[in-house]
Amino acid sequence: MSRIAYVNGAYLPMDTAFIHIEDRANQFADAVYEVVTVYNGRFIDMDAHIDRLERSLNELHIQMPMARSAMMVVLAETARKNRATNAILYIQVSRGIVKRDHAFPVAARPCLTVTCRRFDFAAVKARAEKGIKTITTPDIRWGRCDIKSTSLLPNVLAKQAAKEQGAAEAIMLDEAGNITEGSSTNVWMVTKDGVLVTRSIDDNILPGITRAAVMTIARDFQIKIEERAFSLAEAQNAAEMFLTSSTNCAMPIIMVDTKKIGDGKPGSTTKRIVDAYWSMMEKA
Ligand code: PMP
């Protein structure tokens, strides 16, 4: 079965689904996006993703392309047409199609595109049993990483560097040597005293939907949480580390550059959180 994409009002086979050459997503990355998982046929945290989409659009003074309820219909229909049971929905909104000129056009209508592809959650679960290796790289992104912008070239370069070094993710460091986040993930550590630490929400990180879900899980477990900056050295000497994102769920980190984290295996607090996140998915 061919994959079906939604492009500005039409459901099209993937190989005929195109955006206009003067779509501002193409020429300026003047667009934002969301990635929502579908697990056992159910959207995970859809409302939170659409809230964040609205926020990103608002920060850029782009209108929602349609009412939220209508967008929900489009997303459900795209998933249905693709027979999405375990899948990823990619949602992109650009400022619109207009003659190239840097400043905001007056009359552009936002463009909505949605694609869907199958996703192997079992592989993610299997990876979480062992944990992953990561590398570090300077965070060379812009100053508004809280906006889920499609200008992802620094993230692409970071992920490629990780791949070339046999690692699954690149952890980015700010000028002070503190961890901002991964190229497509939020980063956490568990201190030797059992405190869960992650960077507080600021302009340097994306407010992850999975981050928020893990906060709730940790609160339920009465784990002490600190939202603050932490350095690479502190993280490498922590008891445990993990990362979060919609497609990684909660994923243990067992190595950062050449330094093993803890005993080089997923830690016990991390495992509790990983398991709780998967249970939350089962119940979604
Ligand atoms: N940070 C960045 C830079 C990301 O691209 C992502 C993935 N969208 C995340 C964090 C994690 O966000 P979420 O939990 O909403 O998938």
Side-chain angles (χ1 to χ4, degrees), residues 29 31-39 43-57 59 75 86-93 114-115 117 119 121 124 127-128 132 134-163 168-174 178-189 196-218 227 229-230 241-253 273-274 276-278 280-281 284:
V32 299
Y33 74 105
E34 282 295 326
V35 173
V36 183
T37 52
V38 186
Y39 184 65
F43 293 128
I44 303 297
D45 279 335
M46 178 62 99
D47 282 336
H49 281 280
I50 302 301
D51 286 347
R52 187 173 64 186
L53 179 70
E54 281 185 337
R55 179 187 180 277
S56 292
L57 290 171
E59 292 298 307
L75 299 176
N86 289 305
I88 295 174
L89 270 190
Y90 175 83
I91 307 162
Q92 179 173 301
V93 181
V114 186
T115 54
R117 71 172 166 91
F119 188 69
F121 282 101
V124 178
R127 209 174 306 135
I132 56 162
T134 61
I135 60 150
T136 56
T137 183
D139 193 337
I140 57 167
R141 299 174 302 160
W142 69 322
R144 288 302 308 273
C145 296
D146 58 311
I147 299 172
K148 202 161 167 52
S149 151
T150 59
S151 31
L152 289 171
L153 201 44
N155 309 57
V156 166
L157 296 177
K159 191 79 95 191
Q160 178 62 20
K163 190 175 168 189
E169 176 60 308
I171 294 175
M172 297 186 275
L173 304 175
D174 66 17
N178 290 322
I179 289 174
T180 53
E181 60 183 338
S183 72
S184 61
T185 56
N186 291 116
V187 178
W188 307 67
M189 67 173 183
L196 186 58
V197 184
T198 195
R199 192 177 175 111
S200 48
I201 299 290
D202 59 20
D203 289 354
N204 298 306
I205 68 165
L206 184 79
I209 305 302
T210 321
R211 178 188 182 281
V214 165
M215 284 280 178
T216 305
I217 289 168
E227 289 181 79
F230 58 106
M241 283 182 77
F242 63 95
L243 52 77
T244 53
S245 77
S246 301
T247 53
N248 280 280
C249 305
M251 179 62 66
I253 295 173
I273 290 170
V274 170
Y277 189 83
W278 282 97
M280 184 277 285
M281 299 249 291

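Just follow the structure's listing: the first ligand is 1, and inside any ligand the first atom is 1. Below, all heavy atoms of this structure are taken into account, side chains as well, without hydrogens, waters or symmetry copies.
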Q: Describe, in one word, how the ring planes of W188 and F242 are oriented to each other, choosing from parallel (under 30°), tilted (30 to 60°) and perpendicular (over 60°).
A: parallel
Q. Do E227 and R199 sit within salt-bridge range, that is, some charged N less than 4.0 Å from a carboxylate O?
A. no
(Q) Check R211 with E181, please: is the shortest side-chain N to carboxylate O separation under 4.0 Å? (A) no
(Q) Tell me whether T210 contacts the main-chain N or O of S246 through its side chain, where contact means a donor paired with an acceptor under 3.5 Å. (A) yes
Enumerate the pairs of nitrogen or oxygen atoms, one from ligand 1 and one from the protein, separated by less than 3.5 angstrom; state names and distance to 0.1 Å.
residue, atom, partner, partner atom, Å
ligand 1, 1 (N), E181, OE1, 2.6
ligand 1, 8 (N), K148, NZ, 2.5
ligand 1, 14 (O), I209, N, 3.3
ligand 1, 14 (O), T210, N, 2.9
ligand 1, 14 (O), T210, OG1, 2.6
ligand 1, 15 (O), R52, NH1, 2.8
ligand 1, 15 (O), R52, NH2, 2.9
ligand 1, 15 (O), I209, N, 2.8
ligand 1, 16 (O), S246, N, 2.9
ligand 1, 16 (O), S246, OG, 2.8

Q. Going by distance alone, is a donor N or O of one side chain under 3.5 Å from an acceptor N or O of the other, for T185 and N248?
A. no
Q: Quick one: which residue pairs count as a salt bridge (Lys or Arg N to Asp or Glu O under 4.0 Å) with a foot in residues 149-158, not counting sequence neighbours?
A: none
